[in-house]
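Everything below concerns the one structure shown next.
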Protein chains: 2
Amino acid sequence: MAAEQLLGAKPLYRQTRDLLVQRIVDGVWAPGEVLPSETQLAAELGVSQGTVRKALDEMTAERLVVRRQGRGTFVASLDDSRILFQFFKLIADDGEPRFPASRVLEVETMRGNPKARRALQLDPAAWVIAITRVRSLAEEPCVFEHITLPAAYFSGIEERPIPNNLYQLYAVDYGVTVGRATERLKAVAAGAPEADALGVAAGTPLLAIDRVATAIDGRICEWRVSLCRTDQVHYLSDLR
Amino acid sequence: MAAEQLLGAKPLYRQTRDLLVQRIVDGVWAPGEVLPSETQLAAELGVSQGTVRKALDEMTAERLVVRRQGRGTFVASLDDSRILFQFFKLIADDGEPRFPASRVLEVETMRGNPKARRALQLDPAAWVIAITRVRSLAEEPCVFEHITLPAAYFSGIEERPIPNNLYQLYAVDYGVTVGRATERLKAVAAGAPEADALGVAAGTPLLAIDRVATAIDGRICEWRVSLCRTDQVHYLSDLR
DNA sequence: CAGTGGTCTAGACCACATG
DNA sequence: ATGTGGTCTAGACCACTGT
């Protein structure tokens, strides 16, 4: 064990974490499933229970697993409440976070344009799937959204019904679990298509959110540009 | 110890954390200063070294302390690099995060208006200090900023030079260490004063950032509204 | 009741920084 | 050489969950 650590130059608990993460990525344990107990993992991997615990504690902090006293350790799943907490930052000015309704306008398979290829880090020849939809909060259309996916990861998705919670679809049907995302925000003037879809005048200030999402295995898996009316809604960002 | 834990219903490592946090709040150890070693703290508080470690690990995660192997554990300070990382999310589209230059337009002491009193949770009669400034990135004015402070926490600040890094001033001169902040973002049309200050046409879309900052002792200590041109700059938000 | 995660302890050894 | 935090282990006991 000491030798392994010297060779790897990584602490044992991190090697343990990486190994467990790899198993989740490989689908050995699916989202929502229970992992073996600390004792069992420690015995199987030949490390102490404390080391397994530290690995699992890190994975808890990364939201890869959820631990419940008396029950076990479970692979985290992207259910609505987690999406709302982690990946949906638009909130009605007066209220709680709520999941928006959505109406799909178009789904299309095409060669990625240069912007999409850059965002998704794809080859020039690569195909992408483009989804356009309008999302509403409190019956009020407020987000005009373009989603671009690498066709290689999501083949056939264009023939499925597009659910409201896309990330759960990615995870359950394609084994692509979104782990984190980077958003870049700007204020822009509404152009004709989005003004139309949102029922505002062209030129109205909109919040543009440019998101690139990365799966837990490190692959970039989605590029999404959302144009949002912010007259009744705001984007919440906690600085900790 | 067992008795204390049963009474408090809080685990020992959390009690230890709370006690250490209180000492930092009280100024027993100032920002940048070194804490006693784990061994010393464990002996003084009558707990094991592992418990002190767990308390300090939590405080590290909360960015209250910084630990350096071989040197010691230090109270975190709000130096420029940390501000940039934690509290300044505007970045030039092409470049790295950089600290903006700033020019103060006005400093004023007044009775808080209703909005300010609500944001800062102050009594109707309370006084506030209002600072107006313009901040520039790459020589280009891009943020028009209104800062409102409770006069009770910052008496005399209106007679000081206003430095670029305000949070360090709060911490060093007033013992108010900002620990976290909540930002609410909207896209708005530029009004006359900010259009003028930023050199854009009235009606230009601007990113409005409404921030309420809270000190490590839980007191709300600053309300700040920033109006930002986002033609060359964006707001970065990491979703983890 | 048995099995799980959560807390707490004690001690050994390693890696790093400083004098 | 000394002292610091970082890693790893082993074991005890508590609190919660389901049977």
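Every heavy atom of this structure was used, including side-chain atoms; hydrogens, water molecules and symmetry mates were not. Throughout, protein chains are lettered first and strands after them, A, B, ... in sequence-line order, and every chain is numbered starting at 1. None of these values were measured; they are calculated from a predicted model.
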Task: Residue whose nearest DNA chain D nucleotide is more 5′ - A:Ser48 or A:Gly70 - done: A:Ser48
Could you tell me the separation between the [atom1] atom of [X] and the [atom2] atom of [N], rounded to a whole number of Å?
{"X": "B:Gln49", "N": "C:dT7", "atom1": "CD", "atom2": "C1'", "result": "17 Å"}
{"X": "B:Leu41", "N": "D:dG3", "atom1": "CG", "atom2": "C1'", "result": "15 Å"}
{"X": "A:Leu12", "N": "D:dC8", "atom1": "CG", "atom2": "C1'", "result": "8 Å"}
{"X": "A:Asp57", "N": "C:dG6", "atom1": "CG", "atom2": "P", "result": "7 Å"}
{"X": "B:Glu58", "N": "C:dG6", "atom1": "CD", "atom2": "P", "result": "13 Å"}
{"X": "A:Arg67", "N": "D:dT17", "atom1": "CZ", "atom2": "P", "result": "15 Å"}
{"X": "B:Leu56", "N": "D:dG5", "atom1": "CG", "atom2": "C1'", "result": "10 Å"}
{"X": "B:Phe74", "N": "C:dA17", "atom1": "CZ", "atom2": "C1'", "result": "10 Å"}

Task: Distance, nearest 0.5 Å, that separates SG of B:Cys228 from CG of A:Leu185 - done: 11.0 Å
Open item on the list: For B:Arg17, is there an ion pair with B:Glu62 - N to carboxylate O distance below 4.0 angstrom?
Closed with: yes
Please determine whether a side-chain nitrogen or oxygen atom of [X] lies at a distance below 4.0 Å from atom OP1 or OP2 of [N].
{"X": "A:Thr51", "N": "D:dT9", "value": "yes"}
{"X": "A:Lys54", "N": "D:dC8", "value": "no"}
{"X": "B:Thr73", "N": "D:dT4", "value": "no"}
{"X": "B:Arg71", "N": "C:dT18", "value": "yes"}

Open item on the list: Run A:Gln22 and A:Asp18 through side chain to side chain donor-acceptor pair (under 3.5 Å) and show every step you take.
Closed with: CA-CA 6 Å; A:Gln22 192 55 48; A:Asp18 291 348; over 6 Å; no
Nucleotide of [options] approaching [X] most closely (side-chain heavy atoms):
{"X": "A:Tyr13", "options": "C:dC8, D:dT17, D:dC8", "answer": "D:dC8"}
{"X": "B:Val47", "options": "C:dT9, C:dT7, D:dT9", "answer": "C:dT9"}
{"X": "B:Gln69", "options": "C:dC8, C:dC16, C:dG6", "answer": "C:dC16"}

Task: B:Arg68 charged N/C atom sitting above B:Phe74 aromatic ring, 6.0 Å / 45° - done: yes
- [ ] Return yes when atom CZ of A:Arg23 has more than 12 non-hydrogen atoms of other residues, nucleotides or ligands closer than 6.0 Å, and no otherwise.
- [x] yes
TODO: Please list, by residue number, the residues of residues 20-40 of chain A whose heavy atoms come closer than 4.0 Å to an atom of DNA chain C; answer none if no residue qualifies.
DONE: A:Ser37, A:Glu38
- [ ] Name all pairs fulfilling the ring pair (Phe, Tyr, Trp, His ring centres under 6.0 Å) condition that reach into residues 150-181 of chain B, sequence neighbours left out, sorted by first residue then second.
- [x] B:Phe87-B:Tyr167, B:Phe154-B:Tyr170, B:Phe154-B:Tyr174, B:Tyr167-B:Tyr170
TODO: Could you tell me whether A:Arg53 contacts a base, only the sugar-phosphate backbone, or nothing, with contacts defined as non-hydrogen atoms closer than 4.0 Å?
DONE: base
Open item on the list: Tell me if a side-chain donor or acceptor on A:Gln40 pairs with a main-chain N or O of A:Ser37 at a distance below 3.5 Å.
Closed with: yes
